[in-house]
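A, B, ... follow the sequence lines: proteins, then strands. Residue 1 opens every chain. These numbers were taken from a predicted model, which means no experiment stands behind them.
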Amino acid sequence: MLKQIFLNLPTLQEEQLRDAKRAAPSVAISHLIGTLLALALAFHSTDSLTTAAWGALTLSVTASYWLSANWRMRASVLRSALLREIAFASALAIPWTMLGLMLVEISPETTAPITILLIVCLSSITSVQLSVIYPAAFAYVITLITPIALYYLFSQEALPLGLVAIALGMFLFILIFTVSHLLSGPKRPANVSPAENHRALEALAKEQTLLILRQAKHLKDALKQQENINDLQRSFITMASHEFRTPLAIIDSSAQKLKSRAETLSPADIVQRAETIRSAVKRMTDLMERILSAAKLESGHIALTLQNCDVQQVVNECCNRQREIDKSHRFNINFCDLPSVLADEKALGQVFANLLSNAVKYSPNATDIDVYGRQNGRYVIIEIKDHGIGIDEDDLPRLFGRFFRAKTAEGITGTGIGLSVVKHIIEQHDGDISVRSSKGEGTSFTVSLPIGGPGSTEADFIAALKTSDDQMKERA
Amino acid sequence: MTKILYIEDETILREDVAEELHDAGFEVSTAANGLEGLQAIQRIHPDLVISDISMPGMNGRELLKELRTRHKEFDGMPFILLSALTDQPSEEDESAQATDFLKKPVDFAELVKVVRSYC
């Protein structure tokens, strides 16, 4: 703040600086004349009237050299600069005039040296401003040495030592202040060559372009995200509408039959119709459950309960359950000795049940489903492979997206939720899932799970292996 | 007697709708997907086809496109889509060429009325 008030730097634009530099010689000359006049008067001020006249002159001189400094600036710049500098000079001159008057009343003999001191102060402060614009050594010579030399010339007396010390101290202070400011301050255009200027401009343009590009990218990403959400909503509505309407159509069909054929239906027919309705209702409630649990999972409401899981056993149980639902397929299970994995057993069960039921669902004409398990370093790898309808290559990248259904899955009941949930669970475990498929030949999903659990280190891995060994020994 | 082919992959619906249409006095054949449907059309030359959209293999829209582009001999045959998909077909969509579009669940009396309006 102080720097701003005294140096006016931040308010000086590049053009202003250039103009000010051009005006600097006239500034220096008016500065010199003003100082001389003020000194001449001050030496003869023996009464208050003369001192007042001196004060007024100091004011006008200060104003005048600032005026001349700004004289050649552009009109718009001039107006603000002039007003500012007059205010600045007045603010400095008035208290000093008052002080001068007071000193004359007290002791006329001391007036002259104190006047010099005051002029030195005034000159020094303004010389800081001057030196910022035009850093020439003569500004200091004029503002400091001239008044002292003149005093000596007129009074023919030795200078009071204290005064010299104060003047020198102030000179040093201002010098250090100015130099440090010049060193740390912004680069003045006076020292910038056109080439450097060009480079600086280029750098600025590059920086700005990068900024704009970054902002554009942010906007694009946000738009893309919004579009994705819209796509997701559309696919959800299409899926939900279709998947709810189909069982509803079955229920409605049965209801219409029951109504129109009430008299001809046998009790067995009625029971069969009731069964049909109930299984359609179950289809709908299952669908609702799946949608809700997927939403819950994705909003992060389900925390993992980690424990040592025997993956082999989890997969076996899932195969058995799948066999109970649908006896049409055969599971060829092939496990190398697998260590247990630190994981959420229920969540893993969900993963493998999903993958196995998909394998069955999407291979209506191929009965074999191969399941492989092995250890690979710190990971357990499970592969589930069917020989069914397969997936188009261009559908593979979106396969794990929510509500996405591959083209080959058309007409096969499904929500597009299962695989997105599977991926979510596996990612929660810091594992990975990948898919390979060729249309008409089958699909293979490979799940890898860190043995030491999510976020596990080498030490966790070793500890998990040890626990696994202990469990095996216990069982043995 | 008017020959109708009904193509639907959901067994229960296929049987129920076929029975209704039969009771309404039509000669009804059925198929479980688009490809079977196409073969049946070529074999029996139905007077009208009712088809689901979402089916494994060839879906209802693909079947319609196939018929309209490759089998000009069936150009005059009414083709009704009966689907659980609620998206109305857009103008440039090949299914816009369907004679009619009905949503599931469908009222059987309504279905019979629509079918009669085309035969």
Report summary line: B:A109 meets the side chain to side chain contact (heavy atoms under 4.5 Å, CB included) criterion, sequence neighbours left out, with B:D107
Requested in this report: Quick one: which of A:E243, A:M239, A:R273 has the most heavy-atom pairs under 4.5 Å with chain B, could you say?
Outcome: A:R273
Query raised in the report: For the residue pair B:A84 and A:S241, what are the closest heavy atoms and their distance?
Result: O-OG, 3.5 Å
Query raised in the report: With sequence neighbours left out, which residue pairs that include part of residues 396-417 of chain A fulfil the side-chain hydrogen bond (donor to acceptor under 3.5 Å, both in side chains) condition?
Result: A:E298-A:R402, A:Y362-A:R405, A:D395-A:K407, A:E410-B:N59
Query - NZ/A:K439: more than 12 non-hydrogen atoms of other groups inside 6.0 Å - result: no
**Report entry** Atom CD of A:Q272 with >12 non-hydrogen neighbours under 6.0 angstrom
**Finding:** no
Report task. Please list, in residue-number order, every residue in residues 251-270 of chain A that has a heavy atom less than 4.5 Å from any heavy atom of chain B; write 'none' if there are none. Result -> A:D252, A:S253, A:S254, A:Q256, A:K257, A:S260, A:R261
Query - Neighbourhood of chain A inside residues 4-36 of chain B, taking heavy atoms under 4.5 Å as contact - result: B:D9, B:E10, B:I12, B:L13, B:D16, B:E19, B:E20, B:D23
Query raised in the report: What is the minimum heavy-atom distance between B:S54 and A:G411, and which atoms define it?
Result: OG-N, 3.5 Å
Query raised in the report: Rounded to the nearest 0.5 Å, how far does OG of B:S83 lie from NE2 of A:H242?
Result: 5.0 Å
Query raised in the report: B:P105 pairs by side-chain contact (heavy atoms from CB on, under 4.5 Å) with which of A:T246, A:I250, A:L248?
Result: A:L248
Query raised in the report: Within a radius of less than 6.0 Å around CD of B:E73, do more than 12 heavy atoms belonging to other residues, nucleotides or ligands occur?
Result: yes
